[in-house]
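A note on names: the letters A, B, ... follow the listed sequences, proteins ahead of strands, and every chain is numbered from 1. Note that the structure is a prediction, hence the values are computed from the model and not measured.
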There are 2 protein chains.
Amino acid sequence: MTKQHRPTDGELEILRVLWREGPSTVRDVHSILSKAKPGTGYTTVLKLMQIMADKDLVSRDEKNKAHVYSPRIREDQTQKQMVGDLLDRVFGGSAARMVMQALATKKANPQELAEIRHMLDEFEQNGGAR
Amino acid sequence: MTKQHRPTDGELEILRVLWREGPSTVRDVHSILSKAKPGTGYTTVLKLMQIMADKDLVSRDEKNKAHVYSPRIREDQTQKQMVGDLLDRVFGGSAARMVMQALATKKANPQELAEIRHMLDEFEQNGGAR
DNA sequence: ATTGACCTACGAAGCCTTTCGTATTAACCT
DNA sequence: AGGTTAATACGAAAGGCTTCGTAGGTCAAT
């Protein structure tokens, strides 16, 4: 298994649609993306998705005229990968520092803070274990 | 003020050296980087740093023959920017989810967990306030 | 059958990043 | 001064990402 590259910005936008919407055609993806970013060209999205198929980021079903694309990598796995990457590249591996900046940026609401606290509890319970 | 782009991978490596070591010459930076990544070419680093000066990512003092480069953006500010960026691009803005993946990736040690918990306390004290 | 709508395939351009070779300039030493 | 060392400047190539125009195929309805 070859070590996966980070998906590019464009690829990530498409993956996010596929993760949220499930298997989709190029037209599906394009119409969603062009809502957020008007002016997005159809063939641009098409080409990108073709390339992603080449890279095995997505699979496609060619049974119908309009091919149906599905993500081949999982969202949580990708998130983990990208977070780990950022952790190394800009925080020298310090998760604490990263969390701090994340909270400073987003000023998470109390509910989110509670969620995080809850996660910490779980991590401390079984977590230290390797 | 024009909205800053994300620094590239190469630029980030250099910035990290400058943040840690303070104002440095190309030779300084090169000798440190080539320790971690043998085979790194001297002129490669030079060129990169020249480009960074063009982009105002760094400033340089040309008084001496070997120019001395200093970072022009701050580490914490860059960290905040990049974390916010990742938050939007891959976590749809959910800090809680991002923190979770960060902890899952790194299995932070108990000491770090305690630090994070402490930060949460502070955030809840003054932080929730809009 | 012809048209029109919609789809994929393909190639190419433009831009950015990284890398490196070569040329030039400056400093130092004897 | 001449030669060596070490620095910068510059150009260019290679590769990746994004964008888009154009060509060609398929299907259905007229």
Given side chains that start at C-beta, do those of V99(A) and M119(B) come closer than 4.5 Å, heavy atoms only? yes

Are I32(B) and L46(B) connected in a single hydrophobic cluster, I mean Ile/Leu/Val/Met/Phe/Trp/Tyr linked by side-chain heavy atoms less than 4.5 Å apart? yes

L33(B) CG - dT18(C) P separation (whole Å): 12 Å

With sequence neighbours excluded, residues passing side chain to side chain contact (heavy atoms under 4.5 Å, CB included) with L86(B): M82(A), V83(A), L86(A), R89(B), V90(B), F91(B), M98(B)

note: L12(A), atom CG; dG16(D), atom C1'; distance rounded to Å ~ 17 Å

Taking atom P of dT19(C) as reference, at what distance in whole Å does atom CE of M52(B) sit? 13 Å

Rounded off to whole Å, could you give me the CG-to-P distance for the D9(A) and dC16(C) pair? 14 Å

Using whole Å, report how far CD1 of I14(A) lies from P of dC17(D). 13 Å

Whole-Å gap separating C1' (dC17(D)) and CG (L15(A)): 15 Å

Does dA6(D) have OP1 or OP2 sitting under 4.0 Å from an N or O in the side chain of R27(B)? no

Side-chain N or O of Q50(A) closer than 4.0 Å to phosphate OP1/OP2 of dA9(C): yes

Measuring to OP1 and OP2 of dT18(C), would you say a side-chain N or O of T8(B) lies under 4.0 angstrom away? yes

Does the distance from a Lys or Arg side-chain N to an Asp or Glu carboxylate O, for E75(B) and R20(B), drop under 4.0 Å? no

Salt bridge or not between E115(A) and R117(A)? Use side-chain N to carboxylate O under 4.0 Å. no

salt_bridge(K55(B), E11(B)) N-O dist < 4.0 Å: yes

Whole angstroms only, please: what is the NE2-C1' distance between H5(B) and dC17(D)? 13 Å

For DNA chain D, which residues in residues 37-48 of chain B have a heavy atom at a distance below 4.0 Å? Y42(B), T43(B), L46(B), K47(B)

Round to a whole Å and report the spacing from CE of M49(A) to C1' of dC17(D). 17 Å

Counting only non-hydrogen atoms, which of residues 55-69 of chain B are less than 4.0 Å from DNA chain D? R60(B), K65(B), A66(B), H67(B)

So, do T78(B) and P7(B) sit near enough that their side-chain heavy atoms are less than 4.5 Å apart? yes

May I ask you to check whether Q81(A) and R6(A) show a side-chain donor-acceptor distance below 3.5 Å? no

Report yes if the side chains of V26(A) and Y42(A) come closer than 4.5 Å at any heavy-atom pair, otherwise no. yes

